[in-house]
Undergrad: 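Sharing a structure, written as structure tokens. Questions coming.
Within every chain, numbering begins at 1; the chains are lettered A, B, ... in the order of the sequence lines, protein sequences first and strands thereafter.
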Amino acid sequence: MGRDRPSLTPYIYLSPVIVLSGIFVYWPLIYTFYLALVKWNLIAARRPFVGLDNFHGVFTSSLFADATWNTFLYIFGAIPLKVLLPLAVAVCVWMCAPRMAGIYKTMIFLPVLASFAAVAVIWLWLLNPIAGYFNILLHKVGLAMPNLLFDTRYALATVLGVSAWKILGFNTLLYLAGLTAINRDYAEAMRIDGANDRQIFRYLIWPLLTPTTMFVLITTVIFSVQQVFTPIDMMTKGGPSNATTNLFYMVYQLAFQTFNIGHGAAATVTLFGLLMTITVVKFRLLDRFVKYADR
Amino acid sequence: MIRFSTPWTAAAHVVCIVVSLTMLLPLLLAFGASFKPDNEVNAALPWPTAPTLANYVRVFEELPFARYLWNSLVTTTLRVTGQVALAALAAYAFTRWQFRGRDMLFLAVLGAMMIPHSLTMVPLYIMMAQLGWFDTYLALVIPNLAAPFAVFFLRQHMMSFPKELIDSAELDGAGSLRVLWSVMVPNLRPALAALSIILFLECWNEYFWPLIVTESAASMTAQVGLRKFLNEELGNEYGPLMAAATLVCLPVIVLFFLAQRRVMETFVASGLKG
């Protein structure tokens, strides 16, 4: 390695990635905290320091209450739809003969490839209460399509459902990777000892899949805040009467539609706090469950 | 292969078929509708009886959709090329040498991977405006050139690279860049290909960032073009809308079928980032 001048070369090779991450990831993250303390509309020359006023303004708005409540609804709804359902689907795919399993896997994976913008447009068409495809089918049997996206009772569930449809294939694939890693000899051994199918699932597959399940649970929870942005923006714009907005969409509206940068930044800091809390809980849980799996 | 009892296996097949159809049918219906003439869009038959390209023609006539697709293609290609090149250099530095601050710098890269876009977007937007990059390719490409996941992924692959090959290249008098380019890159081709495809998918399908930094046909991407389509021009005309959705998805799905298995495996790896 003599000719390489190892003292400097590695730093030169690393510098683009480090410098770019510093400028475009770390610096904005810090700068957000500053912006949360000033009043600014993107245009004014002065940015007066207002302390915690922005936080006060955000916390007392009814939009914030709705957005926070909905964020939790999206997270709790994600657990059955985006964590447990893909688990069941993955186990079913795994039980099928490899050739059929491959075909199922490919079909289930297709919505992951389609862009979420396109997926939103497609579901807008399917669900449209007048010209939508489902309405045309229902009309044939004398029923009418409810206006899912403009009814405060169904709108959030519909956005959640579409986002679950979009991500199902991805999470199924993660579980399948976990299932493939299970040594099938164990199942054979249990079978020889007289275990039935139910026992194999209960005492072999479920415990060995726990780390994967925890992993899917945590990534899904963190990403469900971001993942629903596209369907919210394309399908409902947060409405009707804030029924589908969440904290991330609220930040977007504050900063880029009303140009209240201070409020937008304060909401971002709040979101940061929420995500940090989830991350800490995540590492605690992962610690416990990974140890459990090693035993 | 363990065998499960017939009723269980049958139930599994039923579930798989139902789920597969639930995933496939909406996409096929949209594809079919994109070729329907105006008077058939509201028909229950999933495919057209008189297939036509009229919807596609309208997409290109009523909006600069060709330009949007072109913007997507150019910025995605530039960004992915840059991401892979810079990540390869960084991953190479991390695996090849012991140097001061190596672990700390690696932690910094990992940290950048964990910070979601949602937390940096307001200052980034301001930065783009101040630099005068708003509504240009620069805003779409430059801020995303450092891809922490790509560094992490390539580092994993380079760590298992046989040292003997590097040593023998050095004995032949190759410098460090030469070793990277002529010895490592050819041998890492499968990993690099899979990584490029994943990054391509991510960039092509990106919605949020182009939404806030593009405004006109000069830089608007196909995903945001779809939104413009929906909101302004042809929001209730589902034939042209399905044609536009098909155009936006097609490149990615074709790419996927060209490299199916590899993409799925790498997707699993990329899921392990958070």
Undergrad: Which atoms of B:Ile17 come close to chain A, meaning under 4.5 Å heavy atom to heavy atom: side chain ones, backbone ones, both, or neither?
TA: both
Undergrad: I'd like to know if the side chain of B:Asn42 pairs up with that of A:Tyr133 as donor and acceptor (distance under 3.5 Å, no hydrogens or angles considered).
TA: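 The answer is no; no qualifying pair exists.
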Undergrad: At a 4.5 Å cut-off on heavy atoms, which part of B:Arg102 comes close to chain A: side chain, backbone, both, or neither?
TA: neither
Undergrad: Measuring heavy-atom distances to chain B, does A:Leu110 have an atom under 4.5 Å in its side chain, in its backbone, in both, or in neither?
TA: both
Undergrad: With a 4.5 Å limit on heavy-atom distance, are the side chains of A:Leu35 and B:Pro123 in contact?
TA: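 In contact.
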Undergrad: Which answer fits A:Ile136, side chain, backbone, both or neither, if we ask what part of it has an atom under 4.5 Å from a heavy atom of chain B?
TA: side chain
Undergrad: Which region of B:Ile142, side chain (C-beta onward) or backbone (N, CA, C, O), has a non-hydrogen atom less than 4.5 Å from a non-hydrogen atom of chain A, or is it both or neither?
TA: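 For B:Ile142, heavy atoms of backbone and side chain both lie under 4.5 Å from chain A.
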Undergrad: What part of A:Phe201 gets closer than 4.5 Å to chain B, counting heavy atoms only: side chain, backbone, both or neither?
TA: side chain
Undergrad: Within the structure provided, determine whether A:Pro28 and B:Met127 are in side-chain contact (heavy-atom separation under 4.5 Å).
TA: yes
Undergrad: Relative to each other, are the rings of B:Tyr125 and A:Phe256 parallel, tilted or perpendicular (30° and 60° limits)?
TA: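 The arrangement is perpendicular - the two ring planes meet at more than 60°.
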Undergrad: If you take the centroid of each ring, where Trp contributes its six-membered ring, are B:Trp97 and A:Tyr11 closer together than 6.0 Å?
TA: no
Undergrad: Let me know if B:Ile212 has heavy atoms under 4.5 Å from chain A in its side chain, its backbone, both or neither.
TA: side chain
Undergrad: Anything under 30° is parallel, anything over 60° is perpendicular, the rest tilted; go ahead and classify A:Phe248 against B:Phe208.
TA: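 A:Phe248 vs B:Phe208 ring planes: tilted.
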Undergrad: Which region of A:Ile122, side chain (C-beta onward) or backbone (N, CA, C, O), has a non-hydrogen atom less than 4.5 Å from a non-hydrogen atom of chain B, or is it both or neither?
TA: both
Undergrad: Checking side-chain polar atoms at under 3.5 Å, does B:Thr120 have a donor or acceptor matched by the opposite partner on A:Tyr31?
TA: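 Not at all, the side chains of B:Thr120 and A:Tyr31 share no donor-acceptor pair under 3.5 Å.
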Undergrad: Between B:Tyr92 (side chain only) and A:Pro10 (backbone N and O only), is there a donor and an acceptor less than 3.5 Å apart?
TA: no
Undergrad: Please state whether the side chain, the backbone, both or neither of A:Asn171 comes within less than 4.5 Å of a heavy atom of chain B.
TA: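 It is neither, since no heavy atom gets under 4.5 Å.
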Undergrad: Can a donor-acceptor pair be found, under 3.5 Å and without considering hydrogens, that links the side chain of A:Trp165 to the backbone of B:Thr22?
TA: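 Such a contact is found between A:Trp165 side chain and B:Thr22 backbone.
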Undergrad: Check whether A:Ala131 gets within reach of chain B through its side chain, its backbone, both or neither, counting any heavy atom under 4.5 Å.
TA: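 Both the backbone and the side chain of A:Ala131 come within 4.5 Å of chain B.
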Undergrad: Looking at A:Phe116, is its backbone amide N or carbonyl O close enough to the side chain of B:Asn205 to form a donor-acceptor pair, meaning the two atoms are under 3.5 Å apart?
TA: no
Undergrad: Identify which part of A:Leu85 has an atom lying under 4.5 Å from any heavy atom of chain B, answering side chain, backbone, both or neither.
TA: neither
Undergrad: I want to know whether A:Tyr13 and B:Phe94 have ring centres closer than 6.0 Å.
TA: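 No, the ring centres sit 6.0 Å or more apart.
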Undergrad: Under 4.5 Å heavy-atom distance to chain A, tell me which part of B:Ile115 shows up: side chain, backbone, both or neither.
TA: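 B:Ile115 touches chain A through side-chain heavy atoms alone.
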Undergrad: I need the residue from A:Tyr252, A:Trp125, A:Phe272 with the largest number of non-hydrogen atom pairs under 4.5 Å to chain B.
TA: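 Ranked by heavy-atom pairs under 4.5 Å with chain B, first place is A:Trp125.
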Undergrad: Does any part of the side chain of B:Val122, heavy atoms only, come nearer than 4.5 Å to the side chain of A:Val251, both counted from C-beta?
TA: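 A:Val251 reaches B:Val122 side chain to side chain.
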